[in-house]
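Data first, discussion second: the structure below is written as structure tokens.
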Protein chains: 2
Amino acid sequence: MLLVQKYGGTSVGDLERINNVAKRVLETKKPQDRVVIVVSAMSGETDKLLGYALHFDPLPDPREVDMILSSGERVTSALLAIALQTLGHKAISLSGRNAGIFTDSYHTKAHIEHIDTQRILQLLDEGQIVIVAGFQGVNEKGDVTTLGRGGSDLSAVALAGALKADLCEIYTDVEGVFTTDPRIEPNAKKIDKISYDEMLELASMGAKVLLNRSVELAKKLDVKLVTRSTFSDNPGTLITKEEDIMEQPIISGIALDKNQARVSIAEVEDRPGIAAEIFGTLAEANINVDMIVQTIGYDGKTDLDFTIPKTELELAKSVLKSFKGSFAQIEYDDNIAKVSIVGVGMKSHTGIASKVFTTFANEQINIMMISTSEIKISVLIDLQYAELAIRSMHSAFELDK
Amino acid sequence: MLLVQKYGGTSVGDLERINNVAKRVLETKKPQDRVVIVVSAMSGETDKLLGYALHFDPLPDPREVDMILSSGERVTSALLAIALQTLGHKAISLSGRNAGIFTDSYHTKAHIEHIDTQRILQLLDEGQIVIVAGFQGVNEKGDVTTLGRGGSDLSAVALAGALKADLCEIYTDVEGVFTTDPRIEPNAKKIDKISYDEMLELASMGAKVLLNRSVELAKKLDVKLVTRSTFSDNPGTLITKEEDIMEQPIISGIALDKNQARVSIAEVEDRPGIAAEIFGTLAEANINVDMIVQTIGYDGKTDLDFTIPKTELELAKSVLKSFKGSFAQIEYDDNIAKVSIVGVGMKSHTGIASKVFTTFANEQINIMMISTSEIKISVLIDLQYAELAIRSMHSAFELDK
């Protein structure tokens, strides 16, 4: 097996934990396994280094920020190499550049353009465990770049793709992906296998485990991902192609998103192009619109409801002022929650939506907006019913079984 | 002027000091000056990082140590670039590799093989202040190497040589090179100009300011060195070619070395090769012999006195046991001091030695050993007279004038 393993900041948070990672790697590695490890900076290190840069300038030169931040992962990678050597195994650290990771020049949010795997493959042939500093690459000038939030996961997935690894294991402090947030529903179960698309739809739930960027890249490169805990032996959650999952449950999980706000515009002029104008203006202001519902107009007027991230609500208010006169009334509501039920089984099963609405009706939960995709039904409700909605749906779809 | 300036760990010891360095650079830089700055890691950082590595292994893999240690200078260089940018000047940080510094592969003590100055020259042409992470380079595999103790000074001197800089300024927390240690002789004066050779002979004194490696490289590359303080505006000490110093004083300075021990072997067999055997054995044990005095033999016997570093005394004792039988008696004395009086003027002036001996006689200081070079007279004396010797010589040669 060729394995790529990624250990996050908490997993390598101090010297003792780095040593534990080294022990774990050697305990689980079979003699014939070829192992590439991607590491993050020790937890807190990136924030400390960024704080140094911000001391001088609230908007420091991104190129210099990359030079600073990239040092954290370099240190961890070499420390893990030394720890593995001390335990008796050949190991070598590689910077992003050493590992052949070439990116574009968008400093602090660079994209990987290609990976030259020659040196890694040669080192694996020599019997080395290869440890790559995550989160970083090098641009065509030879300057260090970093990949932005979740960058070490991206490094791992991209390396797994380039090396045609059998598996890419993402080690964090979480056991895997759950049917819903266990803090809300104590009966939430860890999911053994889930498809890329389901994982993407469960983003708000999965964000603590994996960013969508990494899942999308894994899907694109056909990399089997496992997310699991450094601090236990549980097998975690496998994220893979839909075809690879034999016994697909109808519903995989339920996600909750409390970070949205609703904008309701009443009696908008019902003329072609008005929606495009409103949403175009919001897009120009980099406001991300999620759910959109437009009711059929009457009397030449229509109602337009949509959701945006709560953090962009004030910006949206000021942007929408320019449309005054085009509508009768505008209302904002940030006291809402979006509950999404996700499962590829929806494609072949009918009655899912009906069951969702029945469940909500039984609990007297009013539905404000609905949006659906092939594998997801999202419902906007009053924030105070969020936990109740999650628990009742979890039980109705027997996710605790 | 093309200037290379190097700022040591104390000079960039915290964020405020980095900012002060940035201010100083901009205050002293003339519009037409082209400035390359070499920085060390923030003081304490290298020790902290090395401590991490030593946590796992008392003898960690030098390649991995280099990956870890080199991160300190990278961070400082980028922070200084940001500080300069914030003050309104174009600035860019370069890693050792970015700066084109290529070394051999002796990790943790690499030697610079060549410097490709193309990128630095281009950046200078663009009006950038170029900040280079000191202490590091890259080997032919593309792996980071470090240059050992005093490595950032070496980076600066080598860059100054490759760039044909007009001056290489080494900024530390010391005002420059003094006629002797001011803690012993309060009337010690800062030396304005001194030749490379004198500086090399004053090594034990100058070690706090500059290691011999850097002075030797400066001499070889014909780099004018200035050592001066970051924390004052005093002009420091210029270290340059003998020919460049017009008014050469006869004596430049007096050095004290308390770190030697004396070995006295009495009645050694006076046969060819015995000295070679003894010193060969010591050399094999990596014991560095400094002064050697052999008295003319009589009765087929001779006395052999020499000095070694105090730290190697125990090793020397065990090594010399193998010669038992070849001599009558061996004595060790680590209660000694070596006082050296240095000056290129000795070449053309007579009576210096005589004045040294007269001065010592007047103070009733017994001389144990003497060794001389073209520009130096070293005298071994009892440790308790060291300070008295320094002060009386300093006054006899009017170094306080």
Side-chain angles (χ1 to χ4, degrees), chain A residues 14-16 18-19 22 41-42 45 48-87 90-95 97-100 116 119 122-123 131 133 138 141-144, chain B residues 14-16 18-19 22 41-42 45 48-87 90-95 97-100 116 119 122-123 131 133 138 141-144:
Chain A
D14 58 35
L15 299 177
E16 220 33 71
I18 290 173
N19 207 34
M42 292 161 82
E45 194 63 17
K48 189 194 79 181
L49 291 169
L50 188 59
Y52 285 175
L54 295 175
H55 171 84
F56 295 105
D57 192 336
L59 288 170
D61 181 354
R63 181 189 176 280
E64 302 303 335
V65 170
D66 279 356
M67 177 74 110
I68 294 168
L69 295 190
S70 59
S71 68
E73 283 76 14
R74 296 166 70 100
V75 169
T76 326
S77 65
L79 290 174
L80 182 56
I82 292 171
L84 284 163
Q85 290 169 358
T86 307
L87 294 173
K90 289 206 274 186
I92 185 168
S93 71
L94 298 180
S95 66
R97 177 204 294 261
N98 290 156
D116 176 355
R119 186 162 184 199
Q122 188 190 322
L123 290 167
I131 302 127
V138 68
K141 280 187 196 165
D143 292 344
V144 175
Chain B
D14 58 37
L15 300 178
E16 221 32 71
I18 290 174
N19 208 33
M42 293 161 82
E45 195 64 18
K48 189 194 80 180
L49 291 168
L50 187 59
Y52 285 176
L54 296 174
H55 171 85
F56 296 105
D57 192 336
L59 287 172
D61 181 352
R63 182 191 175 281
E64 302 303 335
V65 170
D66 280 355
M67 178 75 110
I68 294 168
L69 294 189
S70 60
S71 68
E73 284 74 15
R74 295 166 70 101
V75 170
T76 326
S77 64
L79 290 175
L80 183 55
I82 292 172
L84 283 164
Q85 290 169 357
T86 307
L87 295 173
K90 288 206 274 185
I92 186 168
S93 71
L94 297 179
S95 67
R97 175 204 295 258
N98 291 155
D116 177 353
R119 185 162 184 199
Q122 188 191 320
L123 291 167
I131 302 127
V138 67
K141 280 188 197 164
D143 292 344
V144 176

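Only a predicted model underlies this, so the values are computations on that prediction, with no experimental measurement involved. Lettering of chains follows the sequences in order, A, B, ..., and the numbering in each one begins at 1. Below, each value reflects all heavy atoms present in this structure, side chains not excepted, and no hydrogens, waters or symmetry copies.
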Leading residue by heavy atom contact count with chain B [cutoff under 4.5 Å; candidates A/Ala83, A/Ala81, A/Ala78]: A/Ala78
Please check if the side chain of B/Asn98 supplies one atom and the backbone of A/Gly142 the other of a donor-acceptor pair under 3.5 Å. yes
Measure across A/Ile82 and B/Ala53 and return the closest heavy-atom pair with its distance rounded to 0.1 Å. CD1-CB, 3.8 Å
So CZ of A/Arg119 and NZ of B/Lys141: to nearest 0.5 Å the spacing works out to 6.5 Å
Find the distance between OG1 (B/Thr86) and CG (A/Asp57) and round it off to the nearest 0.5 Å. 4.0 Å
Is the backbone N or O of B/Ser93 less than 3.5 Å from a side-chain atom of A/Glu64, with the two atoms forming a donor-acceptor pair by type? yes
Interatomic distance, CD1@B/Ile92 vs CE@A/Met67, rounded to 0.5 Å, equals 8.5 Å
Using modelled atom types only, decide if a donor and an acceptor are shared between the side chain of B/Asn19 and the backbone of A/Phe56 within a distance under 3.5 Å. no
Check: B/Ser70 main-chain N/O paired with A/Arg74 side-chain donor or acceptor under 3.5 Å: no
Taking side chain as everything from C-beta outward and backbone as N, CA, C, O, which of these in B/Leu94 sits under 4.5 Å from a heavy atom of chain A? Side chain, backbone, both or neither. both
Contact origin within A/Ser95 toward chain B - heavy atom pairs under 4.5 Å: both
B/Leu79 CG to A/Ile68 CD1 distance, which is reported to the nearest 0.5 Å: 4.0 Å
Quick check on B/Ala91 against chain A: is it the side chain, the backbone, both or neither that has a heavy atom closer than 4.5 Å? backbone
